[in-house]
Every structure is written in C-alpha cells, then in structure tokens.
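Written below as structure tokens is the structure these notes are about.
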Amino acid sequence: MKIAVSACLLGENCKYSGGNNRSECLLSELAMHPEIEIIPVCPEVAGGLPTPRPPAEIVDGEVVNNCGVSVNAEYRAGVAAEMARLKPHIESGELAAAVLQSRSPSCGVHEVYDGTFTGRLIAGRGLFAQALADSDVALIDISDL
C-alpha cells in the first residue's frame with residue numbers, strides 16, 4: 001500500500017516561506033505502519049517554483065502570487081508532473097490515499113484562501129487535490145488527523 005503525502009508535512013523545507021509543516025502526529029502514525037510506502041509530493045516545487053517564494057492564492061480560477069504575478073502555469077505544470085508520477089500507482093490501485101496540507105492552493109482538501117490575501121478561507125480544493133479527487137484518490141486533510 002502506498003500513500004502520497006505533502007512533502008512539507010514530512011519536514012521537507014518546500015513551503016512558500018522556506019520552512020515546512022512537519023506533522024509529528026502524521027509521522028508517529030506512519031511509523032506504526034512500516035508496510036505503508038510514502039510518496040512525498042510537492043506540486044509547487046515540481047512546477048519549478050523556488051523555495052522560498054511569494055505566497056499564492058487562487059483568484060478567479062488562476063493562481064496568482066501576492067505581488068499580482070500569475071504563477072498559474074507553474075502550479076498547473078507541477079500538478080501535471082506529480083499526477084504523471086503517481087499515475088502508475090493510481091492505475092494499479094496501490095495508491096490508497098493522499099495526505100495533504102490544509103488550505104494550500106495546490107493541496108487544500110476542504111478549503112483554500114479566497115484570493116484576497118487577507119487570510120479569509122472559502123470552501124474549495126487546491127489544484128492538486130482536485131486532480132487527485134478526479135482520479136478517485138481518497139483525500140485526507142492533515143487537519144483531520
């Protein structure tokens with residue numbers, strides 16, 4: 001069994017700020033299941049975005065950073081790259097689920113920032129989370145653990 005996990009949750013410094021969202025709760029849970037193969041994913045890095053980078057939000061369906069610059073192409077390229085990497089695992093049925101970082105324009109499962117860069121949240125999914133859902137991959141928001 002395999003699980004895709006947002007790399008920032010595993011402690012990889014790929015978050016927009018240059019840090020990570022390491023989840024001790026997740027790591028403890030995974031340590032109790034050595035039979036699970038973890039596949040780290042980060043669509044932003046896969047799309048060629050640097051770390052650190054300006055924060056980005058989805059504005060009218062397009063990913064834009066807080067400087068007003070569209071990074072939509074990079075985000076979508078990263079989603080495509082990570083989905084291509086996961087495709088064999090999805091098609092074989094080996095990929096049981098994806099554990100993703102909350103509120104991210106890539107990985108948000110339940111909600112994302114509203115595009116105003118004011119910290120307001122709206123119901124919705126990030127681009128990568130939506131692509132996974134469209135491929136019938138079970139999604140787990142880290143906040144649900």
Side-chain angles (χ1 to χ4, degrees), residues 1-30 36-145:
M1 177 174 34
K2 299 177 183 185
I3 296 178
V5 178
S6 292
C8 62
L9 297 173
L10 299 171
E12 188 173 319
N13 291 331
C14 57
K15 186 176 170 179
Y16 78 91
S17 63
N20 63 67
N21 295 312
R22 183 180 173 95
S23 171
E24 294 302 330
C25 174
L26 173 63
L27 293 171
S28 294
E29 188 67 31
L30 292 171
I36 296 174
E37 182 181 333
I38 300 163
I39 303 172
V41 292
C42 183
E44 291 96 337
V45 171
L49 292 169
T51 303
R53 58 189 168 274
E57 296 183 7
I58 301 172
V59 179
D60 297 324
E62 180 178 1
V63 186
V64 178
N65 69 25
N66 68 344
C67 302
V69 176
S70 175
V71 288
N72 197 58
E74 292 88 343
Y75 270 74
R76 292 187 185 276
V79 169
E82 292 291 38
M83 289 301 295
R85 191 164 67 94
L86 293 174
K87 183 177 180 179
H89 308 294
I90 294 169
E91 289 179 346
S92 70
E94 293 174 305
L95 189 67
V99 180
L100 303 173
Q101 173 56 36
S102 306
R103 303 175 305 276
S104 159
S106 290
C107 296
V109 173
H110 302 304
E111 54 190 7
V112 293
Y113 291 103
D114 71 355
T116 63
F117 296 93
T118 59
R120 284 186 292 180
L121 295 167
I122 57 171
R125 287 194 173 126
L127 301 179
F128 184 54
Q130 188 60 57
L132 288 167
D134 291 346
S135 293
D136 295 322
V137 174
L139 303 177
I140 301 166
D141 189 292
I142 190 61
S143 67
D144 292 337
L145 285 185

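Keep in mind that the numbers below use all heavy atoms, side chains included, and drop hydrogens, waters and symmetry copies.
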*Quick one: are L86 and K2 in side-chain contact, heavy atoms under 4.5 Å?*
no
*Has the side chain of S143 got a donor or acceptor atom that lies under 3.5 Å from a matching backbone atom of S102?*
no
*Please lay out, stage by stage, how V64 and N72 fare under the test side chain to side chain contact (heavy atoms under 4.5 Å, CB included).*
CA-CA 7 Å; V64 178; N72 197 58; over 6 Å; no
*Measure the CG-CG distance between L145 and L26 for me, rounded to the nearest 0.5 Å.*
6.0 Å
*List the steps and the verdict of side chain to side chain contact (heavy atoms under 4.5 Å, CB included) for Y16 and E44.*
CA-CA 9 Å; Y16 78 91; E44 291 96 337; over 6 Å; no
_For a 4.5 angstrom cut-off between non-hydrogen side-chain atoms, does Y75 reach S106?_
yes
*At their closest point, which heavy atom of L139 faces which heavy atom of A133, and how far apart are they?*
CD1-CB, 3.9 Å
*Would you call P43 and V79 a side-chain contact if the rule is heavy atoms closer than 4.5 Å?*
yes
*P105 to I58 - nearest heavy-atom pair and separation*: O-CD1, 3.7 Å
*F128 CZ to S6 OG distance, which is reported to the nearest 0.5 Å*: 7.5 Å
_Rounded at 0.5 Å granularity, tell me how far CD1 in I122 sits from NE2 in H110._
15.0 Å
*If we only count heavy atoms from C-beta on, is the V109 to D144 side-chain gap below 4.5 Å?*
no
*Once you round to the nearest 0.5 Å, how far does NZ of K87 lie from CG of L95?*
14.5 Å
_Can you confirm whether I3 sits close enough to I140 that some side-chain heavy atom of one is under 4.5 Å from a side-chain heavy atom of the other?_
no
*Between atom CD of E111 and atom CZ of R103, what is the distance when rounded to the nearest 0.5 Å?*
7.0 Å
*Taking the side chain as C-beta and beyond, is there a heavy-atom pair between Y113 and L121 under 4.5 Å?*
yes
_Do S17 and P52 make a side-chain contact, defined as non-hydrogen atoms from C-beta onward lying under 4.5 Å apart?_
no
*Determine the minimum heavy-atom distance between L100 and C107, stating which atoms define it.*
CB-O, 3.3 Å
*asked:* Looking at every heavy atom in both A4 and V41, which two are closest together, and how far apart are they?
replied: CB-CG1, 4.2 Å
*Has the side chain of E82 got a donor or acceptor atom that lies under 3.5 Å from a matching backbone atom of C42?*
yes
*So which heavy atom on P54 is nearest to which on N66, and how close?*
CB-OD1, 3.3 Å
*Can you tell me how far the NZ atom of K15 sits from the CZ atom of R22, to the nearest 0.5 Å?*
14.5 Å
*Is there side-chain contact between L10 and L27, with at least one heavy-atom pair below 4.5 Å?*
yes
*Picking from V5, L9, N21, what satisfies side-chain contact (heavy atoms from CB on, under 4.5 Å) with I142?*
L9
_Side-chain donor-acceptor pair present, D114, T116, cut-off under 3.5 Å_ = yes
*Could you give me the CA-CA distance, side-chain angles and deciding distance for I90 and M83, then say whether side chain to side chain contact (heavy atoms under 4.5 Å, CB included) is met?*
CA-CA 9 Å; I90 294 169; M83 289 301 295; 4.0 Å; yes
*What heavy-atom pair brings C14 and A7 nearest, and what distance separates the two atoms?*
SG-CB, 3.9 Å
